[in-house]
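In what follows, every chain begins at residue 1, and chains take the letters A, B, ... in the order their sequences are listed.
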Amino acid sequence: MKPATIQSTLRRHFIQVLFGVSMTVRTRFAPSPTGMLHIGGARTALFAWLYARHHGGEFVLRIEDTDRERSTDEATTVILDGLSWLGLDWDGEPVFQAARQELHIQAAQQLIQQGDAYRCYCSKAELDDMREKQRAAGQKPMYDGRCSHRHDLSIDQPDDQAYVIRFRSPDEGETVVNDLVLGHVSFPNAELDDLILLRSDGTPTSNLAVVVDDADMEISHVVRGSDHLNNTPRQIQLYQALKLPIPQFAHIPLIHGPDGAKMSKRHGSVAITEYREQGYLADAVNNYLARLGWSHGDEEVFSRQQLIELFDLTQVGKAAARFDQQKLDWLNGQYMRQANAADLVAEVTRLLNTDISAGPALEPVIASLQERSKNLFDLAEGARFFYQAPDAYQEKAVKKNFRDTTWPLLESFIAGIEAMDDFSGEAAHALIGEICDKAELNMGKLAQPIRILIAGGPVSPPIDLTLGLLGKNETIQRLKAGIAALK
RNA sequence: GUCCCCAUCGUCUAGUCGGCCUAGGACACCGCCCUUUCACGGCGGCAACACCGGUUCGAAUCCGGUUGGGGACGCCA
């Protein structure tokens, strides 16, 4: 046993002793490594993580790589990166499902011995044909159990004909899922066909593996997307047949695109890591995702800590939610403003991707831009002119703010700051005021042209801050270059 | 098609056991204010209980149906 495992086992034991019952919450996130970690998966992971953390329990990771055709190590890495970025830390090492085949096969053997599973010799073509006929007859395509009563071939007898192992599910009665989000959901057993446990190559299928693993890993609450709801009654039957304790289930509604259809590539950035590239803050994404389907009164902004304190599955809504980029943008803006400038330096430096050694310190530049930036990308672009003199001036802004009277104002401004012994943003600002007063103009008549020559466009932090950060020499140099270029 | 789920402003949602809801908040949108720019912020506005029945003194809230949307129907997960 690894130290971490011993520790968690001890902790679980401690809680059990303390409360006299087994009440450890243990949730899991079980992605299949066949693609990116998308928005929906990230939210499922977040909810499972929040639930565990809220209850002081554990959150574990299981990589469901049993479909070896489509699973890749690369996808696993991307998923882990995504979770790490969001700060959804997992307990212990990730478990790889493919490595646990023996356990799954054993369970299948047990079911065979109990008579709860049987060999099915139906070929792919035969099954296709069967389904096609069912569909044509307006029925739900499902296995009709044609091999379940074949007694002519002993299941223990070696056979050169390919077969799969199917679960013998009950035909009558109903199976009830008691879901923490959806409540009672019952399925007629007649609707549940005999699912495949072991493929013809002997490998276990996901439904078997999930049940065996969730039980073996002592998962107390299975939190997953509601696209798995239909698998749940079958899984419950497997738990029962294997005499394993049934966990609690919580099926989280799916996230739809703005058009109401399931999220897909055409809705833009579905990979969670894409949001990092676009300059979103992890906590803002978490906050947004949490509010999609969950709420706490009228509040909108929740820190990570508050989410852990307040989150509960009982407050998760049942309806699917649409993804709304504008609200994410707004929330991200909230976090941008709240953030410590120092914490943003590294990421902004990366996004700027230019030499900043000659310009002002990045931290105060960031501070001056935080409240006018929706995201880090915005912020980096807003900061760029501090380190790169404009090579062009926005035409529309020039047209609007420059006229013949502008030039003398600029000249006297330059003369004024050239004469200053100790230049500062405040002094420059005061000078603009003086010049405009004298000319009986409002300050914008001079401040805007200055801004355009300095930044290349009509947008920047307040002029005093901007000039103060840029410094006397750079200010003069840019103004002169601008006059030369435009006059 | 069959089974399952869902249904409050354009979007996310509040709405504990039906009365406090002439339905609240947030995003978006539209005004106004603040402002040397862009933003932030402040104030105000627009805007919803899908429909039809029933239960009840009283329903967004309970029940039934209709409609609409979504999910699932693989030797994928």
In this structure, are over 12 heavy atoms from other groups packed under 6.0 Å from A/E411 atom CD?
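Enclosed: over 12 neighbouring heavy atoms sit under 6.0 Å from CD of A/E411.
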
Crowded around A/K472 NZ? As in, over 12 foreign heavy atoms under 6.0 Å?
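Above 12, so yes.
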
[X] [atom1] to [N] [atom2]: how many Å, rounded?
| X | N | atom1 | atom2 | value |
| --- | --- | --- | --- | --- |
| A/Q325 | B/rU11 | CD | P | 17 Å |
| A/E434 | B/rU36 | CD | P | 17 Å |
| A/E191 | B/rC73 | CD | P | 14 Å |
| A/I255 | B/rU13 | CD1 | C1' | 15 Å |

Quick check: any donor-acceptor pair below 3.5 Å linking the side-chain of [X] to the base of [N]?
| X | N | result |
| --- | --- | --- |
| A/S32 | B/rA77 | no |
| A/K327 | B/rA26 | yes |
| A/R372 | B/rC38 | yes |

Looking at every strand, decide which applies to [X] at a 4.0 Å heavy-atom threshold: base, sugar-phosphate, or nothing.
| X | answer |
| --- | --- |
| A/H251 | nothing |
| A/P462 | base |
| A/P31 | nothing |

Within 45° cone and under 6.0 Å: A/R234 NZ/CZ vs A/F167 ring:
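Because its charged atom misses either the 6.0 Å distance or the 45° angle limit, A/R234 does not stack over A/F167.
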
Is the distance between the ring centroids of A/F47 and A/F311 under 6.0 Å?
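Ring centres of A/F311 and A/F47 closer than 6.0 Å.
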
Phosphate-side-chain proximity, A/R199 and B/rA77, N/O vs OP1/OP2 below 4.0 Å
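Yes, because at least one side-chain N or O of A/R199 sits under 4.0 Å from OP1 or OP2 of B/rA77.
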
